[in-house]
Structure formats: structure tokens, C-alpha cells
Amino acid sequence: MARPFNVTQVEQKWQARWLDEGTYEVDNDDPRERYYALCMYPYPSGTAHQGHIRNYTFGDLVVRYQTMKGKAVLSPFGFDSFGLPAENAAIKAGSHPRLFTDARMVELKNSVRRLGAVYDWRREVFSHDPRYMRWAQTIFLRFLKAGLAYRANAPVNWCPGCATVLANEQVNADGTCDRSGDLVERKHLEQWFFKITDYADELLNDVDSLEWPERVKTMQRNWIGRSEGVEFDLALAVDSSKSLRVFTTRPDTGFGVTYAVVAPEHPLLDFLTTDDERSRVQALVERASQASELERTSSSDSGANLEKRGAFTGSFVINPFNQQPVPVYVADYVLGNYGTGAIMAVPAEDERDFAFAEIHGLPVVRTIAPPEGFTGGAYSGEGVHINSGFLDGLDVAEAKERATTYLEEHAQGLRKVNYRLRDWLVSRQRFWGCPIPVVYCDACGIVPVPEDQLPVLAPDDVVMDKSGQSPLATHEGFRNTTCPHCGGAARREADTMDTFTDSSWYFLRYADPFTEGQAFDPVEVEKWMPVDQYIGGIEHAILHLLYARFYLKALIDTGVAPGLPREPFKRLFTQGMIRLDGSKMSKSKGNLIAPEKYYETVGADGLRLFHLFVGPPADDVDWTSQTEDVIEGCARFLDRIYRLSQYDECHFHTERTEGDLEVLREVHRTIDKVTDGLEKWSYNTAVAALMELLNTMSKAARSKEGINQVVLDECLDLFMRLLAPMAPHITAELWEMRHPDASSVHAQPWPLADATLTARALVTMVLQINGKLKSRIEVSPDVSEVDAIAAALADATIVELMAGASPQRVVAVPPRLINIIL
RNA sequence: GCCCGGAUGGCGGAAUGGCAGACGCGGAGGACUCAAAAUCCUUUGCCUGAGAGGGCGUGUGGGUUCGAGUCCCACUCUGGGCACCA
């Protein structure tokens, strides 16, 4: 497609200028109002793909728009540069992950520059920079000191494909690895954890205060999974001095307890198991300990399997509500690490209990009357209590309260809150990550590496494979060290930290990247935090955002970041994904449409405009056979504005006509539309408004009567300013051609609509008869109701249609419409 | 199973309870051209009619209202999140 100007040349000229002149560098003591705009820390996977392009197009629009609004905008960039792909690629190529990563970083950096996205490159941060690692490790040690980092032997999620353990958050619901898709196995290992559960309540409560998409807030709440209930004792039938502690959220259904269940890991299981039942119980425990989380929690399991998954222990406990003995089972549907690892089972009001009771032939006693016609098994809804002694006739809420009080008085009951959220497992048995800065000494135990010896860096000559052992563990030179405490022989920790730790505080370092004596100076960072606008993919709705929120709270509480606001991201925008043939476009899926080719044809501006125009920014984009045409259409729009600004085929007259004024009025109305669109993330309609305006301007200037040139110039100048954040190159170029001595269009203030120009002298009023559109008339926008009705009844079409009939009623909404009811 | 979204022309999508389909893509026709490309102009929801016009129309069925794409109830399909968490 032939363009009226050399796109590549123009774009490169401006990209070089923005970079050379440091146009978007900003200092912490800038006197203007501050604004922190941030796109999510990218993994350097090479040249940018369409998802990146979309992300940085939105981010750059925000940066340029807020700058024109007169703010000092912090726009940093960096790389989440540790991670598995680099390590795997290095193993394959026999090279080093650093070489691989550094090359990919250069590529991505060039890509975003080629897009015309502008950053304060002085503030660049990347995870494998020793200057960043040092503070990442310092933070780990501060967490350790504060008791927020701890080491524990725990059943963990092991991914055979990635040869490392995963956090709960990295395991999909179907039990596969979020990254490789391999089936995750269960292993018992000594691992490092962060105590994110200490913050469960705050993480949950603070969600309310965030200006985030509701969907993301809901996902965060669900993930934390708070539930209120009561913990109490079930006394053993044979010995009432001993008891089994259980947790329930439904104490009101206590009269319906017909058995109890303990988890296979329960510490009292051995004690509860009688000799007659021992072999069956042991078989079940054996099986449960080997089963993966998937098998164990599979809900699609058949009845036969369910039966195998539970066994009678031989013991009985007393139901404290009715003093009846009920059997104790062991079953793997009860989890050892949630609640007390034991439950009271109420088959009538709990589906899982019902299914289990059916198979094991246990009785079902209803304590809530199900609604008329209810045919299912367990009924967990609202209703009136029956068969429940002192709770009979009460609704669920009231019965819960009474039952809880009863348990407090008769069964050591304690009101208790439980969370689904587990502590964050941060150990990774991989090489390309930040080493965990501790040593193990036989005499002193776990000893932190002194902060003045940080960062602990991995040596380069490490053999990486997927044996499952940490590559660093096999490097004797690294592994063997001396204890910082006693000076004796000691061994370094060989695991590295989850890369999600790196992306949990990078935004703080951006705000003060120059400091040397600490991770960042809280006084400097406080000037920018919280992030005013965070932009990224919906795929990070849980993991990254939850971890980053936890990190900031923990950093404040451990004294690393005193005085900072406790939530990092005030406003979040999650962009839609790019789909090709229905699935997400991504490098790992190998279904990329590379952006490079479009730089040659439509330019960065054309591609940016496409991403802004194609649909609501939050929605997914389907890349179809039609997409190329839409991109071309966006470039065509830029060509048209270029030609109009050259006065191509324009006619001019010298007087200022009403027609000229009307064009100028449209420009001012468009200022409002575009501003509103940019504020509300309705970029597609903002672009549409500019397209519409260009049609108006172009039609007027090219008509036979022509336009006053001074008016056209004023219109064009305003147009350029509105388009500047969206298509920064062409607007900068045209502005310079039109104003060679003035400062750049990007340094101009954002235009403000003149209210006297946006007002309309006449508006169209719709005339309806019985709610059906029949005619239209022009009226003053402040026409009175009486005048409006009079005008409507005088309209020729209306007079004819009414044929002398008198209206039963007239609904008047001046100046919008008149509806005549006959 | 539970919790959120969503459903509008051939397509992407617009529409504070008040002109449904802005804007763009695609289609049709025309101008320019020896011709093509590019550009420009006209037209384009469906049905019906020679035309003026008329009828129908925002997933389905009800409801509220002078008036519903928009609000309420029930359902269908679809996308996503969570899913033995007691």
C-alpha cells in the first residue's frame, strides 16, 4: 500500500529523538503532580508479540495523555529476567541462561522502542542484575528475621517437566503444571515458605478498597477463601477424657451428625484405629500418601473408588448435641492441612458427606426441612430446622448462633476463621533464579548470610540438567562454605527463589533505582506510590497480584518500607488476550502473528491505532482473516489526516461562515468525547470520534464552498493534540511541519473544550405517536414543555396522522421527544 | 456443582430508559484512468413495494413503562474463575 509519507523514516526519527533527549525521563523531585503508570514486568522472551504490543500501546497512551495533562509521569521499564525458559533453552543449546536472557532483553527493548513507547530508561531494573539480587536477598533475610520466612517439611507439588516444586498457585485445577502442562506429583521435601497466611485477613479486607475490575477482586477473594465456623471436641465413646477436635461452618446441623471423619494424615488416627480395622486403615493411608492431589481430590471419581477412599477406624465419638455415639472414619476427602483435619459429617446437608454415607451405608438424618418437591440428596440451602431439639423451628442464621453458643458451653467450642489460602512455597530446584541466602551449619543450624556479603551469586560453571536436584547442589565450590557464625564447615542453600518474588517488589525499585545502601529509600518511593495505573494481562489476576500485595505489606511491617501505602496498585486495568483460532496467542503455543511486518507497512502508529480501535480494551481480540483489513483501515485514517494537513484538494474562502464555525464546534465536541473515552478506557470510541471528526473536517474543506484556512488550522491543531497519545509519531511530525519553531505536540497541554462552542443552537426532537417514531423537528435545547408540545402538535406529519383526533395523553421530554398517546 | 461476565447487521463493535446499528471492515454502484492500483463520491439490518411507503428487528418466553438492547423474573447458549476447603 502506497503511503503519502515515509512511515519508517518518520517513526525512527522521532524514536531517536525521544530517546536522545530523554523526553520521558522524570526526577523524583519534579514539582508537577505525580503519576505512576506501569505495565507488568515482562519476561524477556525475545521480540514483542501482539500481547506486548497491546499492553504497551495502552501503557504509552496513559503516559503521554497524563503528561499532556501536566503531570510528572513515572514510566519505567525492566525485565522479569529469571525463569525456566532461559534455563531450558540454555540446556538445549549448551550455553548459559544469562547469555540467552541478555540477548532476549535487547530484542524486547528494541521492539518497544520501535513501537514508540517511551520510558525513563535510566530506571531500568532486571531480576538477574546483581544490584537487584542483593536487595532481593536482603528482603528474604528480613522476612526470615521477622518469622515470615520459614523452612518446613511439607508435601509439595512436584512438576516432573520443570524438575522443580511449584507453589499451590502454579498448579491448575486439573492437577497439571501451569507452565508445562505435566501432571503434578506429590513429594515430601524440606522447603522454604513465606507466611502469606498471616496476612490473609488484611489481603481479603483491602480488596474492597481497590479500583480493580470486579472480576479480579472476586478471584482474589475466592483464592483467599475465608470461612467462619466453630471448632469443638467430639468426646471418645470409650473414654470421655479424650476427644477429637473438628471444624465446621454448619454447627446448626449438629443434630444430623451420623459419623465423623479424620484425614489420613491425622495425628490421632493411629490411636483411634482398632486392631480389627488396622490393615484396611493402613492400606488407605498408604494409598493417600502416594496419590497426587489430583487423584485424591478428583470429583469425577466413581463410586467404587470412593469406597476404597474411606475406612472405618473402629472407634466411636459422642455427638455433643444428642449424646449419641457415631462411628469415626478415615477418608481422603478430608484434608490434613485445613481446619483441624477432622470433621463432623452431616450427610443430609453436605453433598460430600452424603455421597460417602450412601456408599458406606451410614444413616442420613435431615435437620433442615428441604423445600417442597426437593428430590436431591443433600440439601444445603436455607430452611427451618427439624429433628434438632432446641434448634427446632429456627432458621439457619439463628440456629448457627445458638448452636455455636451451645458448643462453647458444652464442647470446648471456639469460634474460628479458616482460609483456603496456604503459605507461599518459594523454593525452586533450579539454577536460573535468585539464590536463597542462607547456609546450613551442623553446629548453628540455619544461618543467614550476613547482609554485607550479599548478593550470593551462582557460579557460571554449573552443570544444569533436569535430574531433579538443584544444579547448584552439585557445584562443590559453591556448596561448601564456612559458617558465618562459628566459622566451621557449612553448606550453602542450593535452591533459588520463585521468580514471583522478583516481580513482587520491582515497582518499588523503579521509584528509586539509584540508591545504593538499601533496596530503595522509602522517602523517595513514597513520592510515587501507590501505582496510579497498573496495566497487564488477566492471567496475573491471582498469582502476581496477590504476592505483590503481600510483599508490600510485609516490607512495611519488617521496616524495609516504612510509611508506604499498604496497597501497591490503586487502579488496575486488565487487557484482553489476543486469540488466534480460538486459543490464546502465545510463544509457547507457537501461533504468533509477529508485529514486525506491520512496522514496514502501516507503521507503529497504524498498529497502535488498530489495537486501540479494534474493540473494548478489556475484551479479547480475535485475530481473523479480516484483521489485516482493519489494520489497513487504521493506516488509511492516518494517511487521510496527513493529506488534509497538507491541504490536499482543499478549497479556501476568506470570510468566516456559519459552516466554518460548525466545524470548529464539532472539534470541541470531539474534545469532550475523546477525553471521556480516554478516562473511561473506551479507547475504541475515542478513536471512532476522531475518525468521525476527520470526516467532518475533510468534507468541509473539500467542498466547493471550501473553508476558512485559519479555522481549518485551528481544527487541525486541536486534532493533532487529541491524536498525539494514540499515534505519537505522525502527530509529532505533522505538528513540527506546521509549527517548526514551537515545542513538540507532546509538550502541548491537553485541549479543553470551550463550553460555548459545544452547546447546540438547535437539537432534533423526536415525535412519536403511540410510541412509534413518526416525525422529527428542530427545537432549541432549552425549549419549554408547553412550546415543545405545541410545536409537536403543529408538525404537518403529526397533524395528518392524528386526523383531528385529540390525544389521550402527551408525554413530553423536551428537548428529546414528544410521545402522543391516542 | 457454585460464583462472575457475555449474547446487537455478512464481520469487529456503538448506544445517561427516549431516533437501534456511531465508527471501521467487507459488499454493491459510480468518478478519475488507455487500463489497473491508489484516491474520491454514493449506497449498504432484514422482508415487502415500481415508488412514496409499509412491516419486522438487539439469544428465548414473560413482566414493568407512554416508551426496553438498556430495568425485573424465568430459561437457552457461550466465555471465564473456583471446585471434596467441611
Side-chain angles (χ1 to χ4, degrees), chain A residues 1-4 173-174 213-223 225-227 229 246-250 253 261 296-299 301 306 309 331-335 337-346 349-353 355-356 376 380 418-422 538 541-542 582 610 613-616 618-622 624-634 636-637 639-640 643 648-649 673 682 684-695 698-699 702 764-776 807-813 816-822:
Chain A
M1 169 177 156
R3 305 291 301 271
D174 63 356
E214 265 323 304
R215 180 161 74 123
V216 176
K217 297 213 277 188
T218 305
M219 283 158 81
Q220 294 256 321
R221 291 189 189 104
N222 287 345
W223 193 262
R226 182 181 201 272
S227 63
V246 297
F247 173 73
T248 183
T249 57
R250 293 298 302 274
T253 62
V261 189
R296 188 165 162 185
T297 62
S298 169
S299 53
D301 226 336
L306 268 178
R309 287 169 45 190
D332 64 4
Y333 80 86
V334 170
L335 307 176
N337 56 356
Y338 184 82
T340 61
I343 62 160
M344 62 176 222
V346 189
E349 278 94 32
D350 183 286
E351 271 181 53
R352 294 152 298 172
D353 295 345
F356 190 85
S380 54
N418 267 312
Y419 299 92
R420 208 185 72 98
L421 182 70
R422 304 294 156 76
I538 185 73
I542 300 174
F610 161 75
F613 180 66
V614 67
D619 289 6
D620 288 352
V621 177
D622 271 313
T624 67
S625 54
Q626 195 190 233
T627 302
E628 297 274 328
D629 289 330
V630 178
I631 296 173
E632 286 291 331
C634 290
R636 225 160 15 229
F637 164 69
D639 292 348
R640 292 190 339 117
R643 278 194 231 101
D648 202 28
E649 294 185 48
K673 285 188 209 166
S682 182
N684 52 331
T685 57
V687 174
L690 284 172
M691 287 175 167
E692 215 173 343
L693 177 60
L694 177 60
N695 291 341
S698 152
K699 203 163 275 185
R702 286 171 178 155
T764 303
M765 185 166 75
V766 173
L767 307 184
Q768 298 179 333
I769 291 180
N770 292 335
K772 298 227 176 208
L773 174 71
K774 294 299 174 188
S775 183
R776 303 179 171 92
Q808 281 192 9
R809 187 181 160 189
V810 176
V811 179
V813 191
R816 306 293 301 262
L817 105 171
I818 302 291
N819 186 10
I820 298 159
I821 316 300
L822 291 180

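Per chain, numbering begins at 1; letters A, B, ... match sequence-line order. The structure presented is a predicted model; accordingly, all values stated were derived computationally and were not measured.
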Closest of B:U39, B:G18, B:C23 to the A:Glu692 side chain is B:C23
Can you find a side chain N or O atom of A:Lys772 that sits less than 4.0 Å from OP1 or OP2 on B:C56? yes
Donor-acceptor pair, A:Asp639 side chain versus A:Arg3 backbone, under 3.5 Å? no
Whole Å only: how far is the CZ atom of A:Arg226 from the C1' atom of B:A86? 16 Å
Base-pairing assignment for B:G79 (Watson-Crick or G-U wobble, both under 3.5 Å): B:C4
Nucleotide of B:C66, B:G18, B:G81 approaching A:Arg809 most closely (side-chain heavy atoms): B:C66
Ignoring hydrogens and angles, tell me if any N or O in the side chain of A:Asn770 forms a donor-acceptor pair with the backbone of A:Leu822 under 3.5 Å. yes
Separation of B:C19 C1' from A:Ile820 CD1 (nearest whole Å): 15 Å
How far, in whole Å, is B:G53 from B:G17 if one measures between their P atoms? 32 Å
OP1 or OP2 of B:C66 versus the side-chain N and O atoms of A:Asn770: is any pair under 4.0 Å? no
I want to verify a distance call: between B:G18, B:U42, B:A14, whose nearest atom is closest to the A:Lys699 side chain? B:U42
Nearest heavy atom decides the nucleotide; on that basis, is A:Arg420 or A:Gly633 closer to the 5' end of RNA chain B? A:Gly633
Any donor-acceptor N or O pair under 3.5 Å, side chains A:Arg420, A:Asn222: no
Sticking with atom P, work out how far B:C77 lies from B:A83, rounded to a whole angstrom. 25 Å
Hunt down the Watson-Crick or G-U wobble partner of B:U60, both distances under 3.5 Å, from any strand shown, or write none. B:A74
A:Gln808 near the nucleic acid: base, sugar-phosphate alone, or nothing, with a heavy-atom cut-off under 4.0 Å? nothing
Classify A:Arg640 by what it touches in the nucleic acid, base, sugar-phosphate, or nothing, heavy-atom distance under 4.0 Å. sugar-phosphate
Name the pairing partner of B:G17, where a pair is Watson-Crick or G-U wobble with both distances under 3.5 Å, or state none. none
Please determine, for the side chain of A:Phe613, which listed nucleotide (B:C66, B:C23, B:A14) has the closest atom? B:C23
Options B:C82, B:C23, B:G18, nucleotide nearest the side-chain atoms of A:Met691: B:C23
Separation of the C1' atoms in B:C56 and B:C4, to the nearest angstrom: 35 Å
Given B:C25, B:A15, B:U16, the nucleotide with the shortest approach to the side chain of A:Arg816: B:U16
Partner nucleotide of B:G12 by Watson-Crick or wobble geometry (both distances under 3.5 Å): B:C23
Categorize A:Ser227 for me: base, sugar-phosphate, or nothing, with a 4.0 angstrom heavy-atom threshold over every strand shown. sugar-phosphate
Taking B:C2 as the reference, what is the distance to B:C72 when you measure between their C1' atoms (whole Å, please)? 23 Å
Using a cut-off of less than 4.0 Å, is there contact between a side-chain N or O of A:Arg215 and OP1 or OP2 of B:G79? no
B:G62: syn or anti, with syn meaning chi within 90° of zero? anti
Mind checking the C1' distance from B:G67 to B:G80? Whole angstroms is fine. 36 Å
Minimum-distance nucleotide to A:Val766 side chain [options: B:A86, B:C19, B:G18]: B:C19
Nearest-nucleotide pick for A:Met219, side chain only, options being B:A86, B:G81, B:G18: B:G81
Under 4.0 Å from OP1 or OP2 of B:A15: is there any side-chain N or O of A:Thr685 that close? no
Round to the nearest Å and state the distance from A:Leu421 atom CG to B:G81 atom C1'. 16 Å
Suppose we call a contact any N or O donor and acceptor under 3.5 Å apart; does that hold for the side chain of A:Gln626 and the base of B:G10? yes
Identify whether any heavy atom of A:Ile821 sits under 4.0 Å from a base atom; if not, whether one sits that close to sugar-phosphate; answer base, sugar-phosphate or nothing. sugar-phosphate
Ranking A:Arg702 and A:Asp619 by the position along RNA chain B of their nearest nucleotide, the one closer to 5' is A:Asp619
Separation between the C1' atoms of B:G6 and B:U70, rounded to whole Å: 15 Å
Under 3.5 Å donor-acceptor pair, A:Asn819 side-chain atoms to B:C66 base atoms: yes
Pairwise C1' distance, B:G79 and B:A28 [rounded to whole Å]: 36 Å
Under 4.0 Å: is that the gap between some side-chain N or O of A:Tyr333 and OP1 or OP2 of B:A86? no
When only distance counts, do a donor and an acceptor, one from the side chain of A:Arg776 and one from the base of B:C19, lie under 3.5 Å apart? yes
Of all the choices, B:G80, B:C25, B:C66, which nucleotide is nearest to the side chain of A:Val630 once you look at every atom? B:C25
Phosphate contact (B:G24 OP1 or OP2) by A:Asn695 side-chain N/O below 4.0 Å: yes
Separation between the P atoms of B:U33 and B:C23, rounded to whole Å: 30 Å
Do the rings of A:Tyr338 and A:Phe247 sit parallel, tilted or perpendicular, given the 30° and 60° boundaries? perpendicular
Which nucleotide in the list B:G12, B:C23, B:C25 gets nearest to the side chain of A:Val614? B:G12
I'd like to know if the side chain of A:Asn819 and the backbone of A:Gly771 have a donor-acceptor N/O pair within less than 3.5 Å. yes
Classify the side chain of A:Arg636 and the base of B:U39 as holding, or not holding, a donor-acceptor pair under 3.5 Å. no
